[in-house]
Every structure is written in structure tokens, then in C-alpha cells.
K.L.:
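Following this message is one structure expressed as C-alpha cells.
Values below: all heavy atoms of this structure, side chains included; hydrogens, waters and symmetry mates excluded. So you know, we letter chains A, B, ... as the sequences are listed, proteins then strands, and number each from 1.
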Amino acid sequence: MDLLRGHRGKISALTTSQVIEVEILCRYKGKGEVDISCFCVDSDNKLSDDRYFVFYNQPKSPLGEIVKLGAQEANKERFRVELNRLPEFLKHVIFVASIDGEGDMSFLDSGYVLLTANGQELGRYVFKGKDFRQEKALIIIEFYRKDEWRFSVVGQGFNGGLSALLKYYGGEEETDTSASAHEPTPKTTAVPVPAPTPAPTPASTSTATTLSQNGQTASLKGVAPVNIALTYRRSPSVPKAELRLGCMVELKDGQKFMLQTLGSHLGHKDSAPYITAQQNSGQFDELTIYKPEQIKRLLLFTFVYLAPNFAKDFGAVVILKDKNGNSVRVPLLAPSPSQKFCAVATIDFDNKLNIKREECYFTNHQFADQHYKFNFNWV
Amino acid sequence: MAINLSKGGNISLAKEAPGLKSMIVGLGWDVRATDGQGFDLDASAFMLGANKKCAKPEDFIFYNNKQSVCGSVTHTGDNRTGEGEGDDETILVELDKVPANIEQISFVVTIHEAQERGQNFGMVSSAYIRLVDKVNNKEIARFDLSEDASLDTAMIFADVYRHNGEWKFKAVAQGFQGGLPAMVSHFGL
């Protein structure tokens, strides 16, 4: 079947199979290459789980529901998607093409997306450079749930390239500006992709890093104040549940404090611990660190209030941001269904704040304290 | 209960809204999130005589002629981008004020300059057209343009017509080639 831009329909009208292969080719006449990737977003159209971003650095999703089948030639990718195995909270599977180099999609000679199942062609959408103007990144096609899995031939894009596209889906592009942010780096899995030609953003050289694997680290130069924000969604499965943010901290002079966005342990700005906790309206709690240099070590945590355990669809993310706008993002990717306390990250200071992802779950504050050995006096 | 109209459906829904007195046709869609020319959808109404044609241009209610001479049909204004929540364009019809020579009113939705801009309903997010009983605010019928008319650029959505002294409603949901200009000549103007 010939597919046209704007075409929508049910997958079940094309095949009884739930395993679809998607082949995308972009013949590019400009300088550079076209990168093709695939990612999933949730019901808010947000990229809440980086593990479902499949591209050359991360060739499959956690359980192999989406697998990149290996590039056969430049500007071409093939993916296999097992729709029936994708987690329920992921509502869209989106296939994108972006230019790594100069020019825009009007420089395409031609391209196509080919859908097959069990070796049978289901549909083909052919596009040409004249279908586009200044887009540097395109959404080619998407699969989405609406009662059942459907497809939409999108063929629309963003002049701002992949970073604009990812921003629309609530993601950030990792930029490798400060060659050092990562340790002898294993492989980095942040909302991925290489930095394309730097967009002419005025004077903004801030970095954005996502820590998506436990043990992964990143640094902030520590220009105070450093803001730490928690965002999450209310969960229909536990409608009353709220998430709160807090930290256990040991200062260089040996004093220890625990503060959180609940009750009276809200900290102080002008005296030790030089950290404050603020509970703002809505799902948006914050901590502010005014004197990072006073910190010996700190455990950043979140816990469930008004419910016994985490819900899998909170989509919680903790974002640390220094005064210059550099940020480190820690999404909680594997919420424990039986526990209510999550150690999010540990932080220490040596001329910069070093953040290490933990995402480790505990029954309560006290058990976490035993593990991290702050040795508070629990009554 | 609102009935979700499938394409080409042609069902009498008199039971859904017995004694319909006044109604609203609502058209909604999302602002374009990607770059490129915006999506400008238009709702219009044709007031037809017994021969199913418009007798005069004044009986064609659209963004440039927002109210019928009799005052029974009112277009509440052109939305060119889809900005805003809920219905982005509405047409109000006071059925008891419709002149006796009008036997039927047909409601249409079109994409402005669809061909020039290379657009269709499937490229637009969350585009729908619906009919609401104004008296009790109940939705009588809804058609999902994005999903169920993805390759169309214009559609005759529904007719209301006189039958044995009362107004009845018929879902049409028929795709149409050529946009609003072709619609206008189809209805005899």
C-alpha cells in the first residue's frame, strides 16, 4: 500500500502481526549524514524513560521490544518493534531522522519508510526534498495506542533540528562540551545523539546531562545557589500519593542534618546546613544549596507520602541546576512497587559538585540511613 | 450518549435529540507543534431550499459572512491556528428562527488552502467536529477528523432537515475534493 503524509490507520488493518519491521532510508545530498532513531513517549507525549531511545549507541530497548537491526548503509536504519510487548505507559513509538551536518531536509534527494511484517510489505511512504523546507529533523512515522495500535505517517519536523524535536518531547540533548563531565566514561546513555552543529543559541554554553544508569556520575561547577527540583505526575492507581524531596547531609565541620519538604525540617539559608527545602504548589518540590563548599557528602532522596509505595507511572525526575544553568537530570526508571523511600543520588564536593546516580529503594528513612551511614539518632 | 460517526455513516439520529431546538456545531484542533505553515480549519454552514441548493450568497454562513439575515445561524468567528481549549470555531443555530423557505442546513469543515499548503486532516492533531444540543449541552454526534478522515481536506459533516414539522439530524461524514470553493459550487452558488 502506498502511504501518504497524514495517513493514519489501524495496524490491524494492515496485518495481524504485532511485530513490525520499519526500514527508513534518507538519501541526503547535503554535507553530512542523516541519523535515524526511534524512541517512545508516554501519555503526556514525554520521553520519560531514556532506555526506550534506540539508536546507534543504544541498539535496543531494555527487554528487546525495539531492536535496531544494524545499519546496512549510510543514512539507513532498520528496526524491529514488538508492539504487544511494550510497557503500557508508553503510548507512542516515534521514528525520527535528523541531519548531522549542514543543510536541511530540502536537500534530501529522496527517502522512504517501509513497513513489513513476516517479510510481507505492509506499506511504503516515499518522500522527497521538495516536501520540506528548513526542517533539520523530521518525525517520519509513528505508532500509537488509541484503543489499539495505530500508525500515523507524520512527515513533519523542526527547523531547530534534533534538539528542538527532543525539547518538544520533554527530552534534552546531551552535549559533550566540557570534555570531562563524565569519568573514564563507560558508555553514556543520556537522551543521546551526537551534538549536531551548534545552534545559534545566544551565549548559552550550559550543559545538560542525564544520568540513566546507576553508578553513572556527572558534575556541576557548583556556582551557587544550586537548585534541586523534583517533578512527577499524580498516579491514577494511587490518587492521593505525593512524592516529597529531601536530603541527608554531612558538612565539612562534621555537623549532620536531615531536611525534607514535609514537616518542620526545612533547613536554613544563612546558617548550617545552608540548604533549604521548599514545598511549592503542585508536584514541584525543591531544595536549594547555598554553600556547596560546606558539603562533605549528601544523600538526595524522595519518598512517597500518603500511600504505601511508589507507583510505576509517577515518571519522577530530579533535576539539579546550578546558577549558570548547567543541569543534571536523574529520572527514576524502576520505581519499587513495595517500598516508599528512594535514594536518588549521592553528592560530594571538591571544587565542584559530583553527583552519582543511586536509584536505590528502602523501606523507610531509617533503613536508608543505616545503608549510607549518616547515623542519625532515630527515635 | 454521543454517537461516534464512522466514515460515510448515514444514520438518522432523531432519537438522540428529540425536539432539537437550538444547537452548536463545534470544530476543534491543536495548534501545529512542528515547523511549517499553520493548520487553519474552517467550519461553515449552507442554508438550503427544497432543491438542496443555496438560493443566495447570504445563505452561506462562513468566516466572511458570520450571520444569516434572519439571525438564526451565527458563526462565532474565525480561528486561524487552533489556539485555545475546546471548540476553536462554533456555529450556533436557533432552529425555531430558521425561515420557512429553508428546508435543510448542511455543515461542512474545510482546511484553508489545503492544496497549496499540502495539508490534510491526518496531519492535524486532535481535529474533530461535533454537534451539541445547546439546551442541555449534550453532545449528539462527534467525528474524529484526524483519525477517520486522515487523507481528506474537506468534509460534509452533517445535515439538519425538516421532517413532518420537526428538525432531524443526519450524519453524512463524506469527504470532498476541492476545498471550500468546490463546496460553494456544489451547493449552487
K.L.:
Are the charged groups of B:Asp35 and A:Lys136 less than 4.0 angstrom apart, N to O?
P.N.:
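Looking at B:Asp35 and A:Lys136, the cut-off is not met.
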K.L.:
Which atoms of A:Glu135 are under 4.5 Å from chain B, going by heavy atoms: the side chain, the backbone, both sets, or neither?
P.N.:
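Answer is side chain: those atoms of A:Glu135 sit under 4.5 Å from chain B.
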K.L.:
Rounded at 0.5 Å granularity, tell me how far CG in A:Leu165 sits from OG1 in B:Thr34.
P.N.:
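It comes to 9.5 Å.
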K.L.:
May I ask you to check whether over 12 heavy atoms, not counting those of A:Arg133, lie within 6.0 Å of atom CZ?
P.N.:
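Open: at most 12 neighbouring heavy atoms sit under 6.0 Å from CZ of A:Arg133.
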K.L.:
Would one find more than 12 heavy atoms of other residues, nucleotides or ligands at under 6.0 Å from atom CD of A:Gln120?
P.N.:
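Not more than 12 within 6.0 Å, no.
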K.L.:
For atom CD of B:Gln37, decide whether the heavy atoms of other residues, nucleotides or ligands shown that lie under 6.0 angstrom number more than 12.
P.N.:
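Result for CD/B:Gln37: enclosed.
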K.L.:
A quick test of your reading: do over 12 heavy atoms of other residues, nucleotides or ligands sit less than 6.0 Å from NZ of A:Lys91?
P.N.:
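Check passes, neighbour count above 12.
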K.L.:
Around A:Lys46, counting heavy atoms of other residues, nucleotides and ligands shown, do more than 12 lie under 6.0 Å from its NZ?
P.N.:
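Yes - once you tally the heavy atoms of other residues, nucleotides and ligands closer than 6.0 Å, there are more than 12.
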K.L.:
B:Asp144 versus A:Arg8: any side-chain heavy-atom pair under 4.5 Å?
P.N.:
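A side-chain contact is absent here, since even the closest heavy-atom pair is not under 4.5 Å.
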K.L.:
Out of curiosity, A:Ser152 OG to B:Met123 CE, how far, rounded to the nearest 0.5 Å?
P.N.:
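These two atoms lie 9.5 Å from each other.
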K.L.:
Report which part of A:Lys146 has an atom under 4.5 Å of a heavy atom belonging to chain B: side chain, backbone, both, or neither.
P.N.:
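It is the side chain, since no backbone atom gets that close.
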K.L.:
Take atom CG in B:Asn136; do more than 12 heavy atoms of anything else shown fall under 6.0 Å from it?
P.N.:
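Above 12, so yes.
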K.L.:
For A:Phe158, is it the side chain, the backbone, both, or neither that has a heavy atom closer than 4.5 Å to a heavy atom of chain B?
P.N.:
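Both backbone and side chain of A:Phe158 come within 4.5 Å of chain B.
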K.L.:
Tell me, yes or no, whether the heavy-atom count around B:Gln115 atom CD, taken from other residues, nucleotides or ligands under 6.0 Å, exceeds 12.
P.N.:
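Counting other residues, nucleotides and ligands, CD of B:Gln115 stays at 12 neighbours or fewer.
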K.L.:
Could you tell me the separation between the CZ atom of A:Arg5 and the OG atom of B:Ser150, rounded to the nearest 0.5 Å?
P.N.:
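With rounding to 0.5 Å, CZ (A:Arg5) is 13.5 Å from OG (B:Ser150).
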K.L.:
Contact part of A:Phe151 toward chain B, heavy-atom cut-off under 4.5 Å: side chain, backbone, both or neither?
P.N.:
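When you check distances to chain B, no heavy atom of A:Phe151 falls under 4.5 Å.
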